[in-house]
Every structure is written in C-alpha cells, then in structure tokens.
Protein chains: 2
Amino acid sequence: MPNSKSPNHQSAQPCSPQAQQSQVVDAQLFDNQVCFPLYSAANAVTRAYRPLLDAIDLTYLQYMVMMLLWQHKQMNVKELGEQMYLDSGTLTPLLKRLEAKGFVERRRSELDERVRLISITEAGLELKFKAQSVPGELACKADMSPEQAMELKRLCQTLLANLGS
Amino acid sequence: MPNSKSPNHQSAQPCSPQAQQSQVVDAQLFDNQVCFPLYSAANAVTRAYRPLLDAIDLTYLQYMVMMLLWQHKQMNVKELGEQMYLDSGTLTPLLKRLEAKGFVERRRSELDERVRLISITEAGLELKFKAQSVPGELACKADMSPEQAMELKRLCQTLLANLGS
DNA sequence: ATGATTTGAATTGTGCACAATTTAAATTGT
DNA sequence: ACAATTTAAATTGTGCACAATTCAAATCAT
C-alpha cells in the first residue's frame, strides 16, 4: 500500500458492486444526489455575493483574485491557478478584465519571459477598504454557525482533495 | 418574531459588528474563506463527472435534467427550474441541446400555450441503463463515507435555504 | 368584454469553466 | 551548440449561470 491516501469509503453504491444493503438507495434518483445541492449552493453563493460586490465593480471570482493579491501583492498566473484550482483559460480573460478596471497590472517577468506577473495597483489596494463590510454581510445572509461553516469547509476541502487534479 | 427561520448565527464577523473575539480571524484573507472551497469543490465535481458522462454524450447538468425526467417522464420548464434552482435563461438552451440529441421532446401545452412541456423520449429512457454505473464510479472517486456525504448534503441544503431564492 | 397586469419561456449580453490547441520561451540531453 | 522536450500563457470553442429584457398567452379588474 504505497499510497498516503488510505480511507477508501464507499457511499451510495460500493466501488466494487457486490452490493446488498438493507437500506437500498436509488443512486439514480435526483433527490438522492449529494453533489447537486453542492452545485446549487455554490451558485447561490455567487448570487448572494453579487449585490454586495456590484458596488465595487467586482465579480465573485475577481474578488477572490483580489483577496489573494491584497495578501501577496504580486503573483503569476500559475500561482493564482494553483490557489484557485483554475487554469489560464479562465484566468487570462479575468485578469485582463481586472487590468481594464485598473485594479491589477500584467507584465512579463524579466527573468522568464513566459511568466506573466500580476501585481496589485493602488486602486486595487483601495478596494480592500471598500470591501471591508462584504464578509460580514455575506455571513449574515448565510446564517450558519461557526461550527457549521467550519464543517462545511472541511468537507469541501476533503472532497476537493479526493477528486484530485 | 413572525418568522419560521429562527437561528440567526454569526460566523466570521457578526451581523451587527460589535466584534471582539479572542480568536480574531481576518475575514478578508483568502485562506479563511468558507465558500471558495465550496465553489472549487462544485467545479471539481463536474470535472469528475465529465469523463463518466462523455460516453453517453451528456454534461453534468444535462444528466441532472435526465435524472428528473427518468422519474417524472414529463415536466415543464418552470418545474425543472424549481427543482434545479435555475431559470429559463439556463434551461432553454440546455433543453434545446437535449432535444437535438434526441433525448427529450419540447412541445407547447395545449391547455396553456405559454407552457413548454419537456418529455422524455425512448432514447432518453435508454440512457438510464447506460448510465447505471455512473453514481458508483463517482462515489468511488469522491471517496467520502456515507456519513460525510450526508453531512455535506445537509449543510449545502441549509446554506441554500438560508441564501434563499 | 376589454384594457391592465401577471405569468411562462425565450432572448440578449456578460462572465465564468475547461478541454484542446497553439505559441513562445526555457530547459534538457547528447 | 542545438535538436527535442517541457513549461507558462494565451487562444478557441462549447456549455453553463444569470440579470435584464422581450414576447405572447392567460388572468384579473372593472
């Protein structure tokens, strides 16, 4: 067993289908889906952020990029992609839009011409203050206990890790 | 208190910011976000389904629609939208694509000409058998215990309900 | 009955996601 | 040194999401 990933659970139907549960669940029934509520909740979150972020002219994803840049000041596309589980196909146009709004600067690295360095601008830094109330307002809408929120986060991170890539 | 929705928790920062926690968390720090892992996990799920669904020429969302139609045989756009938390702007083109593939039929209701009835075709019904292994294969990739899966689902449904609409 | 309102879908336009491909620069192997 | 490979971004094309608008049919109000 040369793998650090040990658990190997089986939920609705087992991995090797020798089945025979007393509680037979129809895994092809819409209401028995686990991931669709996840999918819908993720959409609901971006919908809930939208009116809060409209005021500072950011989408939810752009807001997440800005959050990384408030912290790191400068990152390249690969680093952003690793943090956000996104590739250049998604990030390049998004970063161009942030550049057009004046919140980031996109220039080539001088050490490695392939690398595109994304750095925050003065206007981008100011956004951090304008966005101060956003987390609290969203937490209010979401109305989850800290325990529920942490558990949700933990489970999502586990799933994300298990699904790999 | 004329509201059935009672809890009103406050997580990262309280709704009315009179703050002062011993454990001060910076809600503007990327790593402290609760919803971004949710967002990333949802993307990872559709990514994980993709190779499984390619064989039957369905996207994840199309697969969810087919699941509803395997059960109900016929639904209108509004009913689909209520189940899936999506509107006609998303569903109409998706249903046209399913129609083009021959998995559903789209016709007007004769009782109410505004209503578009979506009914499953023979080919659409056959998909249910071809897709039999999909839930098990995904469960295997996800590798969550039944308890974890149920808890994740429950938390997502709570969040979805709290965020409303 | 008919004008006003409401309702169910469709349309339009913007912004993700992401597979697949392309481009150019850096690195590796001999 | 330089051909082959690898790597970082960008590009292309398809399919969601969703706000906003439009359109037509049904319902309501007088």
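Values below: all heavy atoms of this structure, side chains included; hydrogens, waters and symmetry mates excluded. Naming: A, B, ... by sequence-line order, numbering from 1 per chain.
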Which listed nucleotide ([options]) is nearest to the side chain of [X]?
X: A:Val77; options: C:dG15, D:dC18, D:dA10; value: D:dA10
X: B:Thr46; options: D:dA8, C:dC18, C:dT11; value: C:dC18
X: A:Lys78; options: D:dA8, C:dC18, D:dC18; value: D:dA8
X: B:Thr92; options: D:dA8, C:dC16, C:dA9; value: C:dA9
X: B:Gln62; options: C:dC18, C:dC16, D:dC16; value: D:dC16
X: B:Asp87; options: D:dA19, D:dT11, C:dA9; value: D:dA19

Any side-chain N or O of [X] below 4.0 angstrom from OP1/OP2 of [N]?
X: A:Lys96; N: D:dT11; answer: yes
X: B:Thr59; N: D:dC16; answer: yes
X: B:Asn76; N: C:dA9; answer: yes
X: B:Arg97; N: D:dC16; answer: yes
X: B:Arg50; N: D:dG15; answer: no

Inset, instruction - Report yes if a donor N or O on one partner sits less than 3.5 Å from an acceptor N or O on the other, where the partners are the side chain of A:Ser88 and the base of D:dA8; otherwise report no. - result: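 No, the side chain and the base share no sub-3.5 Å donor-acceptor pair.
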Protein-nucleotide distance ([X], atom [atom1]; [N], atom [atom2]), rounded to Å:
X: B:Arg116; N: D:dA24; atom1: CZ; atom2: P; result: 14 Å
X: B:Tyr85; N: D:dC16; atom1: OH; atom2: C1'; result: 19 Å
X: B:Leu91; N: C:dG8; atom1: CG; atom2: P; result: 14 Å

Inset, instruction - Indicate, with yes or no, if A:Leu117 and A:Met75 share a hydrophobic cluster defined by side-chain heavy-atom contacts under 4.5 Å among Ile, Leu, Val, Met, Phe, Trp and Tyr. - result: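 Hydrophobic grouping puts A:Met75 apart from A:Leu117.
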Inset, instruction - Apply ring pair (Phe, Tyr, Trp, His ring centres under 6.0 Å) to A:Phe103 and list each qualifying residue two or more places apart in sequence or on a separate chain. - result: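 Applying ring pair (Phe, Tyr, Trp, His ring centres under 6.0 Å) to A:Phe103 gives none.
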Legend entry - A:Arg107 and A:Ser119 side chains, donor-acceptor separation under 3.5 Å: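 Indeed, the side chains of A:Ser119 and A:Arg107 share at least one donor-acceptor pair under 3.5 Å.
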Inset, instruction - Tell me what A:Thr90 touches on the nucleic acid: a base, only sugar-phosphate, or nothing, going by heavy atoms under 4.0 Å. - result: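 Result for A:Thr90 = base.
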Inset, instruction - Answer with base, sugar-phosphate or nothing: what part of the nucleic acid does A:Leu94 contact at a heavy-atom distance below 4.0 Å? - result: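 Touches sugar-phosphate only.
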Inset, instruction - Could you tell me whether B:Glu99 and B:Lys96 make a salt bridge, using a distance below 4.0 angstrom between a side-chain N and a carboxylate O? - result: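 Not counted as a salt bridge, because no side-chain N and carboxylate O are separated by less than 4.0 Å.
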Inset, instruction - Enumerate the residues from residues 98-114 of chain A whose closest heavy atom to DNA chain C is under 4.0 Å, giving them by residue number; use none for an empty result. - result: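 Heavy-atom cutoff 4.0 Å gives A:Leu111, A:Asp112, A:Glu113, A:Arg114.
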Donor-acceptor pairs under 3.5 Å, side chain of residues 55-66 of chain A to any protein atom, not counting sequence neighbours: which ones?
residue: A:Thr59; atom: OG1; partner: A:Gln62; partner atom: N; Å: 3.1
residue: A:Tyr60; atom: OH; partner: B:Phe36; partner atom: N; Å: 3.4
residue: A:Gln62; atom: OE1; partner: A:Thr59; partner atom: N; Å: 3.1
residue: A:Gln62; atom: OE1; partner: A:Lys101; partner atom: NZ; Å: 2.8

